[in-house]
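Source: prediction; values computed, not measured. Computed over heavy atoms, backbone and side chain alike; hydrogens, waters and symmetry mates excluded.
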Amino acid sequence: RSEGLRVGDVALAIGNPFGVGQTVTMGIISATGRNQLGLNSYEDFIQTDAAINPGNSGGALVDANGNLTGINTAIFSKSGGSQGIGFAIPVKLAMEVMKSIIEHGQVIRGWLGIEVQPLTKELAESFGLTGRPGIVVAGIFRDGPAQKAGLQLGDVILSIDGEPAGDGRKSMNQVARIKPTDKVAIQVMRNGKELKLLAEIGLRPPPAPVKEEE
(Lines give C-alpha, C1' and ligand atoms only; values in the text may rest on other atoms or scores of the structure.)
Protein backbone atom coordinates (compact mmCIF):
# COMPACT_ATOMS: atom_id res chain seq x y z
CA ARG A 1 0.00 0.00 0.00
CA SER A 2 1.18 3.52 -0.74
CA GLU A 3 -1.27 5.54 1.36
CA GLY A 4 0.77 5.14 4.56
CA LEU A 5 4.11 6.20 3.10
CA ARG A 6 5.90 8.90 5.04
CA VAL A 7 8.83 11.12 4.17
CA GLY A 8 11.97 9.42 5.47
CA ASP A 9 10.75 5.84 4.96
CA VAL A 10 13.34 3.54 3.39
CA ALA A 11 12.83 2.98 -0.33
CA LEU A 12 14.43 0.41 -2.63
CA ALA A 13 14.28 0.89 -6.40
CA ILE A 14 14.54 -2.20 -8.61
CA GLY A 15 15.28 -1.95 -12.32
CA ASN A 16 17.71 -2.47 -15.16
CA PRO A 17 19.55 0.87 -15.40
CA PHE A 18 21.46 1.39 -18.65
CA GLY A 19 20.83 -2.28 -19.48
CA VAL A 20 23.50 -3.55 -17.06
CA GLY A 21 21.14 -6.10 -15.48
CA GLN A 22 18.80 -6.18 -12.51
CA THR A 23 19.92 -3.64 -9.94
CA VAL A 24 18.66 -2.50 -6.55
CA THR A 25 19.37 0.97 -5.16
CA MET A 26 18.40 2.32 -1.75
CA GLY A 27 17.23 5.70 -0.53
CA ILE A 28 14.33 7.28 1.28
CA ILE A 29 10.92 8.67 0.40
CA SER A 30 11.64 12.34 -0.29
CA ALA A 31 8.04 13.48 -0.81
CA THR A 32 4.57 12.19 -1.65
CA GLY A 33 1.83 13.71 -3.77
CA ARG A 34 4.21 15.45 -6.17
CA ASN A 35 2.31 17.12 -9.03
CA GLN A 36 2.53 19.95 -11.56
CA LEU A 37 5.64 18.37 -13.04
CA GLY A 38 4.34 18.61 -16.61
CA LEU A 39 4.45 14.85 -17.13
CA ASN A 40 0.73 14.10 -17.29
CA SER A 41 -2.74 15.50 -16.73
CA TYR A 42 -3.05 13.47 -13.53
CA GLU A 43 0.03 13.55 -11.35
CA ASP A 44 0.38 12.06 -7.88
CA PHE A 45 3.97 10.88 -7.69
CA ILE A 46 6.13 9.48 -4.92
CA GLN A 47 9.53 11.19 -4.95
CA THR A 48 12.62 9.28 -3.85
CA ASP A 49 16.37 9.80 -3.76
CA ALA A 50 17.03 6.11 -4.43
CA ALA A 51 19.14 6.16 -7.59
CA ILE A 52 16.85 5.79 -10.61
CA ASN A 53 18.48 5.92 -14.04
CA PRO A 54 17.29 5.35 -17.62
CA GLY A 55 16.14 1.75 -17.80
CA ASN A 56 14.50 1.72 -14.38
CA SER A 57 11.08 2.77 -15.68
CA GLY A 58 8.51 0.10 -14.93
CA GLY A 59 10.61 -1.27 -12.08
CA ALA A 60 9.37 -1.66 -8.54
CA LEU A 61 9.77 0.78 -5.68
CA VAL A 62 9.52 -1.29 -2.51
CA ASP A 63 9.73 -0.64 1.22
CA ALA A 64 12.20 -2.22 3.65
CA ASN A 65 9.93 -5.26 4.01
CA GLY A 66 9.73 -5.86 0.26
CA ASN A 67 6.17 -4.54 -0.13
CA LEU A 68 5.45 -2.88 -3.48
CA THR A 69 4.77 0.81 -2.95
CA GLY A 70 5.20 2.28 -6.43
CA ILE A 71 6.25 1.87 -10.06
CA ASN A 72 9.39 3.80 -11.05
CA THR A 73 8.43 6.20 -13.81
CA ALA A 74 10.60 9.28 -14.30
CA ILE A 75 13.66 11.19 -13.17
CA PHE A 76 14.61 14.84 -12.98
CA SER A 77 18.00 15.12 -14.60
CA LYS A 78 20.09 17.65 -16.48
CA SER A 79 22.77 15.10 -17.33
CA GLY A 80 20.62 12.08 -18.19
CA GLY A 81 21.75 10.27 -15.05
CA SER A 82 20.38 10.10 -11.53
CA GLN A 83 20.51 13.29 -9.49
CA GLY A 84 18.58 11.91 -6.54
CA ILE A 85 15.18 13.11 -7.77
CA GLY A 86 13.16 10.16 -9.04
CA PHE A 87 9.41 9.67 -9.30
CA ALA A 88 7.21 6.61 -8.94
CA ILE A 89 3.48 6.09 -9.52
CA PRO A 90 1.84 5.05 -6.21
CA VAL A 91 0.85 1.39 -6.29
CA LYS A 92 -2.79 2.26 -5.46
CA LEU A 93 -3.04 4.34 -8.64
CA ALA A 94 -1.19 1.70 -10.68
CA MET A 95 -3.65 -0.98 -9.49
CA GLU A 96 -6.65 1.20 -10.39
CA VAL A 97 -5.23 1.74 -13.88
CA MET A 98 -4.49 -1.98 -14.31
CA LYS A 99 -8.00 -3.02 -13.26
CA SER A 100 -9.58 -0.44 -15.56
CA ILE A 101 -7.56 -1.67 -18.54
CA ILE A 102 -8.46 -5.30 -17.80
CA GLU A 103 -12.17 -4.55 -17.38
CA HIS A 104 -12.69 -1.86 -20.02
CA GLY A 105 -9.70 -2.00 -22.35
CA GLN A 106 -8.84 1.58 -21.42
CA VAL A 107 -8.42 3.85 -18.41
CA ILE A 108 -11.82 5.22 -17.40
CA ARG A 109 -11.58 8.51 -15.53
CA GLY A 110 -14.39 10.69 -14.31
CA TRP A 111 -14.40 14.29 -15.53
CA LEU A 112 -16.12 17.53 -14.56
CA GLY A 113 -14.70 19.78 -17.24
CA ILE A 114 -13.28 22.53 -15.03
CA GLU A 115 -9.98 24.16 -14.24
CA VAL A 116 -9.44 25.21 -10.65
CA GLN A 117 -7.05 27.38 -8.70
CA PRO A 118 -6.25 27.51 -4.98
CA LEU A 119 -8.29 29.68 -2.67
CA THR A 120 -5.58 32.09 -1.51
CA LYS A 121 -5.84 34.02 1.75
CA GLU A 122 -6.70 37.18 -0.18
CA LEU A 123 -9.39 35.45 -2.23
CA ALA A 124 -10.81 33.78 0.87
CA GLU A 125 -11.16 37.17 2.58
CA SER A 126 -12.86 38.68 -0.48
CA PHE A 127 -15.32 35.77 -0.61
CA GLY A 128 -15.89 35.85 3.14
CA LEU A 129 -14.52 32.32 3.50
CA THR A 130 -11.69 32.83 5.95
CA GLY A 131 -10.92 29.54 7.67
CA ARG A 132 -12.95 27.41 5.25
CA PRO A 133 -11.48 25.13 2.57
CA GLY A 134 -12.32 25.73 -1.06
CA ILE A 135 -11.07 25.88 -4.64
CA VAL A 136 -11.95 28.50 -7.23
CA VAL A 137 -13.41 27.61 -10.64
CA ALA A 138 -11.01 29.31 -13.07
CA GLY A 139 -12.19 27.67 -16.29
CA ILE A 140 -15.17 25.68 -17.58
CA PHE A 141 -15.24 23.35 -20.56
CA ARG A 142 -18.09 24.27 -22.90
CA ASP A 143 -20.97 21.77 -22.73
CA GLY A 144 -19.05 19.78 -20.11
CA PRO A 145 -20.60 18.23 -16.99
CA ALA A 146 -19.82 21.27 -14.81
CA GLN A 147 -21.46 23.75 -17.18
CA LYS A 148 -24.53 21.54 -17.55
CA ALA A 149 -24.75 21.37 -13.74
CA GLY A 150 -24.75 25.16 -13.51
CA LEU A 151 -21.24 25.88 -12.28
CA GLN A 152 -19.92 29.31 -13.21
CA LEU A 153 -16.55 31.01 -13.39
CA GLY A 154 -15.60 32.40 -10.01
CA ASP A 155 -17.64 29.87 -8.03
CA VAL A 156 -15.82 28.59 -4.96
CA ILE A 157 -16.25 24.83 -4.62
CA LEU A 158 -16.54 23.96 -0.93
CA SER A 159 -17.08 20.21 -1.23
CA ILE A 160 -17.54 17.46 -3.79
CA ASP A 161 -19.67 14.46 -2.85
CA GLY A 162 -19.34 15.49 0.80
CA GLU A 163 -15.53 15.69 0.71
CA PRO A 164 -14.07 19.13 1.58
CA ALA A 165 -12.44 20.70 -1.48
CA GLY A 166 -9.37 22.31 0.04
CA ASP A 167 -6.84 20.93 -2.44
CA GLY A 168 -7.44 21.15 -6.19
CA ARG A 169 -5.25 18.15 -7.03
CA LYS A 170 -6.97 15.91 -4.50
CA SER A 171 -10.41 17.05 -5.60
CA MET A 172 -9.69 16.43 -9.29
CA ASN A 173 -8.22 13.01 -8.46
CA GLN A 174 -11.37 12.32 -6.42
CA VAL A 175 -13.48 13.15 -9.48
CA ALA A 176 -11.26 11.00 -11.70
CA ARG A 177 -12.05 7.98 -9.52
CA ILE A 178 -15.82 8.46 -9.83
CA LYS A 179 -17.58 6.36 -12.45
CA PRO A 180 -18.89 8.36 -15.44
CA THR A 181 -22.71 8.80 -15.35
CA ASP A 182 -22.66 8.80 -11.51
CA LYS A 183 -24.10 11.94 -9.98
CA VAL A 184 -22.31 13.95 -7.30
CA ALA A 185 -23.39 16.85 -5.11
CA ILE A 186 -21.21 19.94 -5.38
CA GLN A 187 -21.47 22.63 -2.73
CA VAL A 188 -20.38 26.05 -3.94
CA MET A 189 -20.24 29.62 -2.70
CA ARG A 190 -21.49 32.21 -5.22
CA ASN A 191 -21.91 35.90 -4.42
CA GLY A 192 -21.92 35.18 -0.71
CA LYS A 193 -24.56 32.47 -0.95
CA GLU A 194 -24.09 28.71 -0.63
CA LEU A 195 -25.60 26.59 -3.39
CA LYS A 196 -25.89 22.85 -3.89
CA LEU A 197 -25.56 21.64 -7.46
CA LEU A 198 -25.88 18.13 -8.84
CA ALA A 199 -23.46 17.13 -11.58
CA GLU A 200 -23.38 13.99 -13.68
CA ILE A 201 -19.76 12.93 -14.00
CA GLY A 202 -18.61 12.60 -17.60
CA LEU A 203 -15.85 10.68 -19.34
CA ARG A 204 -12.69 12.65 -19.89
CA PRO A 205 -12.33 13.17 -23.67
CA PRO A 206 -9.15 11.82 -25.30
CA PRO A 207 -6.40 14.36 -25.99
CA ALA A 208 -6.43 15.94 -29.44
CA PRO A 209 -4.08 14.14 -31.84
CA VAL A 210 -0.80 15.91 -32.53
CA LYS A 211 -0.63 17.01 -36.16
CA GLU A 212 2.48 15.83 -37.93
CA GLU A 213 4.41 18.37 -39.92
CA GLU A 214 4.64 17.65 -43.60
* Which is it for L151 and Q147 under the side chain to side chain contact (heavy atoms under 4.5 Å, CB included) test, yes or no, and what are the steps along the way? -> CA-CA 5 Å; L151 261 76; Q147 188 181 63; over 6 Å; no
* **Derivation of the side chain to side chain contact (heavy atoms under 4.5 Å, CB included) call for L153 and I140** => CA-CA 7 Å; L153 288 174; I140 299 180; 4.2 Å; yes
* Does the pair D155 and M189 meet the rule for a side chain to side chain contact (heavy atoms under 4.5 Å, CB included), with working shown? -> CA-CA 6 Å; D155 283 352; M189 177 72 78; over 6 Å; no
* Asked: Between V137 and I157, does a side chain to side chain contact (heavy atoms under 4.5 Å, CB included) hold up when you go through it step by step?
  -> CA-CA 7 Å; V137 177; I157 298 176; 3.8 Å; yes
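Using a 4.5 Å heavy-atom threshold, the side chains of Q117 and L123 count as touching. Between P90 and T69 the shortest side-chain heavy-atom distance does not fall below 4.5 Å. Contact check for I46 versus L5: side-chain heavy atoms found under the 4.5 Å cut-off. Taking 4.5 Å as the limit, every side-chain heavy atom of I101 sits out of range of all side-chain heavy atoms of Q106. The closest side-chain heavy-atom distance from D63 to V10 is not below 4.5 Å. Side-chain contact between T23 and N16 is absent, with no heavy-atom pair separated by less than 4.5 Å. Proximity of I186 to L112: side-chain heavy atoms (C-beta onward) are separated by under 4.5 Å at one or more points. The shortest side-chain heavy-atom distance between L197 and R190 falls under the 4.5 Å cut-off.
Here the closest heavy-atom approach between residue G168 and residue I135 is recorded as N-CG2, 3.6 Å. The two atoms that bring P180 and G110 nearest to each other are CG-CA, 4.4 Å, heavy atoms only. When every heavy atom of T73 is checked against every heavy atom of S57, the shortest pair comes out as O-OG, 3.2 Å. The two residues L198 and A185 make their nearest non-hydrogen contact at CD1-N, 4.1 Å. Contact record, P145 with A199: O-CB, 4.4 Å, taken as the closest heavy-atom pair. Taking each heavy atom of A50 and A11 in turn, the nearest pair found is CB-O, 4.0 Å.
With D49 contributing its side chain and I28 its backbone, the two residues share a donor-acceptor pair below 3.5 Å.
Apart from V20 itself, the hydrophobic cluster it occupies contains F18, where clustering links Ile, Leu, Val, Met, Phe, Trp and Tyr at side-chain heavy-atom distances under 4.5 Å.
Annotation: E125, atom CD; neighbour count of heavy atoms from other residues, nucleotides and ligands within 6.0 Å is above 12. By the 6.0 Å contact criterion, CE on M98 is enclosed, its count of non-hydrogen atoms from other residues, nucleotides or ligands being greater than 12.
If you chain together hydrophobic residues whose side chains sit under 4.5 Å apart, V175 and I108 never meet in one group. A continuous path of Ile, Leu, Val, Met, Phe, Trp and Tyr side chains, each step under 4.5 Å between heavy atoms, connects V91 with I102, placing both in one hydrophobic cluster. The cluster map of Ile, Leu, Val, Met, Phe, Trp and Tyr, joined by side-chain heavy atoms under 4.5 Å apart, puts L61 and I75 in different clusters.
Here M172 contributes atom CE and D167 contributes atom CG; the two are 10.0 Å apart, rounded to the nearest 0.5 Å. Taking OG1 of T25 as the start and CD1 of I14 as the end, the distance is 9.0 Å to the nearest 0.5 Å. Expressed to the nearest 0.5 Å, how far CD1 of I52 lies from CZ of F87 amounts to 9.0 Å. Of the inter-residue distances, the one linking Q174 atom CD with S159 atom OG reads 9.0 Å to the nearest 0.5 angstrom. To the nearest 0.5 Å, atoms CD (E96) and CD1 (I89) are separated by 11.5 Å. T48 OG1 to D9 CG: the interatomic distance, rounded to the nearest 0.5 Å, is 10.5 Å.
Across V97, I201, L203, I178, a single residue satisfies side-chain contact (heavy atoms from CB on, under 4.5 Å) together with R109, and that is V97.
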